[in-house]
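Below is one structure, written out as structure tokens, with a few remarks after it.
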Number of protein chains: 2
Amino acid sequence: MAKRAPSNRIGISDVAAKAGVSLATVSRVMNGNQSVDPKIAARVQSAAAELKYQPNPIGRNLARGKTETIGVVVPDLGNPTFQTVLRGVSRAAAQDGYRVLIADSSEVSSEEAILAGEARRRCDGVVLCAPRMSAAELEELAPSLQPMVLVNRTTNVPNSPSVMIDYGKGIQDLAGHLADLGHTRIAYVAGPASSASNALRLVGLEKFSRTHPHIEVVHLRNGSTFEDGYESANDVLSSGATGILAFNDLTAMGLLSSLNERGIRVPEDISVTGFDDIPFARYTTPPLTTAAAPIMEAGEQAWAQMRELLFGNAITEAVRVFEPHIVVRGSTGVPHGKDSTAES
Amino acid sequence: MAKRAPSNRIGISDVAAKAGVSLATVSRVMNGNQSVDPKIAARVQSAAAELKYQPNPIGRNLARGKTETIGVVVPDLGNPTFQTVLRGVSRAAAQDGYRVLIADSSEVSSEEAILAGEARRRCDGVVLCAPRMSAAELEELAPSLQPMVLVNRTTNVPNSPSVMIDYGKGIQDLAGHLADLGHTRIAYVAGPASSASNALRLVGLEKFSRTHPHIEVVHLRNGSTFEDGYESANDVLSSGATGILAFNDLTAMGLLSSLNERGIRVPEDISVTGFDDIPFARYTTPPLTTAAAPIMEAGEQAWAQMRELLFGNAITEAVRVFEPHIVVRGSTGVPHGKDSTAES
DNA sequence: GTGAAAGCGCTAACAG
DNA sequence: CTGTTAGCGCTTTCAC
């Protein structure tokens, strides 16, 4: 490809010519390499400044074999959880001079692997949020994606660290809070069956049941929206439970709304908890007891894991778990006709 | 740099060797160039498949002088507006095989120009969301960023298209709706003074006042949070207005909450409107009349503008304006002691 | 239709 | 300390 239209963009050779030095010297100066005579360095600097020279990252990427960019693969950029993970990763990576390339599969999971692969080729590593991908597919994909860090799932492929939110612990704590208040019959108003975080909550509840054998936990099918919560009221009421663990804040608010319309008092008649601690949770009537997941922190730690992978330091923990912390507000209280007794 | 550690990654030359053809031919096949003998093409294809060869985008980028990536610069990835713009851009760009690189200035506006410049060097273009940047700085920066498209602001630098949300039109419509219902004294509970979209609403209200001279519009200082709305109740009440335009849904909800506590009925005593149509708006008591801005669509159109810039087609409209549409729900009604009369 | 070879813009090993 | 030079992996012109 001998002749190309000569680009106007000014390049390293222009600076070299202007400063009367070699390309290598300009490169050294631009990269802060100390081994350059200060006088020459200064001359190069001012030549670069006069020409408003900015090194072209593309050329640099090719020569260095890295892009200082990582890809973040998400199934849906509209989902607050992934938005927050993305933000955490982006901010943390920026601290180290790395940028983030987005790969949004828009819920088309068949494209996920391809998208992730493309992202990986353009970047130095990939943070993968792929809750729906089968374990088998993930295992096959993982090696080609490394360095890779997983969000909210694990794999036994070597060198594939994860960051996890312990949704199970969160729901356990919430259930424990209800038990402490004296509730003996608790209902879990479940999220969508396909939801990974719902499955995690279920596991947490099983643990809870084992440690609290005298407490009945009934499971109610439901969904993840406000409407779902609203419509769960009949089931909730007929369950006879006095403590309700809603799948998330949205469904809790829907339930609260329906309960309110029926004249059922919260928390006097029924206690309700949410999950997520969305900004509104503190403004419901009554304010919602819930569990907040440190998602942004998980995103930041995803970068921290990536950095260790990239910079070759030993990985201390392959899986980093972040526990939600419960926020007790007004929607939970001692059950009807009970005193404030406790058991932990 | 004569000797480098030979990368294990398989490259175009491996495929060429395996297929017994030249690099150029492999390149042609990989790029779908028709001028290759079908037999040879097939041989190359299978060689590539066997080796699991994937062209390295970095090398390609350098040779082609483009990255098929655009940068999106936002002041805060935590802000729902920018998240939605980002999502719109990302989805639309993906349709054309382009990816998005994030540049989050984290509200540090002094870094914005630098960040945008870096993003631009790595990408083929930049979508700039920089509401706080001074017009002067923008004018200086714009030429170096092109191809560039602006979000929610304009500049007179040539070839700098914009997508805009017409917040002024939205508030005008809301005010018009109140006027139609018969309200003659309307209060605008303003957002933060530094907010660009607040300024736009103010301009819209001025227009409204000109076209509705017999309606009094009083301005109340306030903020953008639920609490701000809650605390605006006193001002709202003492303003004597029967129709209230809250800065956004959050403040409207705060106001609603305070009004409710004081036993003031909405909409019988006072009508309240919000702005944004957040998911909760339909679940407040009463459901909130508000205006929804098509932000995602604006993001998609930002890509459409970018594509025209990139692919050289003439730009038909330099500025594309998107109008919010109002959603009438239960929080607005005929004012006290009035019949349902109308004026438009 | 195919290949040789010259870059894209920069880095880094090597020699001085 | 500085320059020469050989790439990084791919595309594309030019000549066959």
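Letters go in sequence order (proteins before strands), and every chain restarts at 1.
The shortest distance between the side-chain N/O atoms of A:Arg60 and the OP1/OP2 oxygens of C:dG9 is not below 4.0 Å. Between C:dA4 and B:Ser22, no contact under 4.0 Å exists linking OP1 or OP2 to a side-chain N or O. Phosphate proximity of C:dT11 to A:Asn31: present, with a side-chain N or O under 4.0 Å from OP1 or OP2. Within the structure, a side-chain polar atom (N or O) of B:Tyr53 is placed less than 4.0 Å from OP1 or OP2 of D:dC10.
The CG-C1' distance, from A:Asn56 to C:dC10, rounds to 8 Å in whole Å. Taking atom CG on B:Leu62 and atom C1' on D:dT12, their separation rounds to 13 Å, with Å as the unit. Rounded to whole Å, atom P of D:dC10 lies 13 Å from atom CZ of A:Arg122. Atom CG of B:Leu23 is separated from atom C1' of C:dG7 by 14 Å (rounded to the nearest Å). Between the CZ atom of A:Arg9 and the C1' atom of C:dC10 there is a distance of 12 Å, rounded to whole Å. In this structure, B:Asp14 places its CG atom 10 Å from P of D:dG9, rounding to the nearest Å. Following rounding to the nearest Å, A:Gln34 (CD) and D:dC1 (C1') show an atom-to-atom distance of 13 Å. The CG atom of B:Asn33 sits 9 Å away from the P atom of D:dT12 (whole-angstrom rounding).
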B:Asn61/B:Thr67 under side chain to side chain donor-acceptor pair (under 3.5 Å): CA gap, chis, key distance, verdict: CA-CA 5 Å; B:Asn61 286 347; B:Thr67 62; 5.5 Å; no
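When the nearest nucleotides of DNA chain D are assigned to A:Asp37 and B:Ile58 by heavy-atom distance, the more 5′-ward of the two goes with A:Asp37.
Contact of B:Arg28 with C:dG3 (side chain to base): a donor-acceptor pair of N or O atoms is detected under 3.5 Å.
A salt bridge is defined here as a Lys NZ or Arg NE, NH1 or NH2 lying under 4.0 Å from an Asp or Glu carboxylate O, and B:Arg307 with B:Glu300 fails to meet this definition. Salt-bridge formation is detected for the pair A:Glu50/A:Lys18: a Lys NZ or Arg NE/NH1/NH2 atom is positioned less than 4.0 Å from an Asp or Glu carboxylate oxygen.
Using a 4.0 Å heavy-atom cutoff across all strands shown, B:Pro57 reaches no nucleic acid atom at all. Contact annotation for B:Val26: no contact, since no heavy-atom pair falls under 4.0 Å across all strands. Within the nucleic acid shown, B:Gly65 has no heavy atom closer than 4.0 Å to any nucleic acid atom. Nucleic acid contact for B:Ser27: base, since at least one base atom lies under 4.0 Å from a heavy atom of the residue.
Note: A:Tyr98 and A:Trp303 have tilted aromatic rings, judged against thresholds of 30 and 60 degrees for the angle between ring planes.
Closest to the side chain of A:Thr25, from the set D:dT11, D:dG7, D:dT2, is D:dT2. Among the nucleotides D:dC8, C:dG3, C:dT11, the one closest to any side-chain atom of B:Val21 is C:dG3. Ranking C:dC10, C:dT2, D:dG9 by closeness to the A:Pro55 side chain, first place goes to C:dC10. Out of D:dT2, D:dG9, D:dC10, the shortest distance to the side chain of A:Ile40 is found at D:dT2.
Heavy-atom contacts from other residues, nucleotides or ligands closer than 6.0 Å to CD of A:Glu137 number more than 12. By the neighbour-count criterion of 12 heavy atoms within 6.0 Å, atom CD of A:Glu139 is densely surrounded, having more than that number from other residues, nucleotides or ligands.
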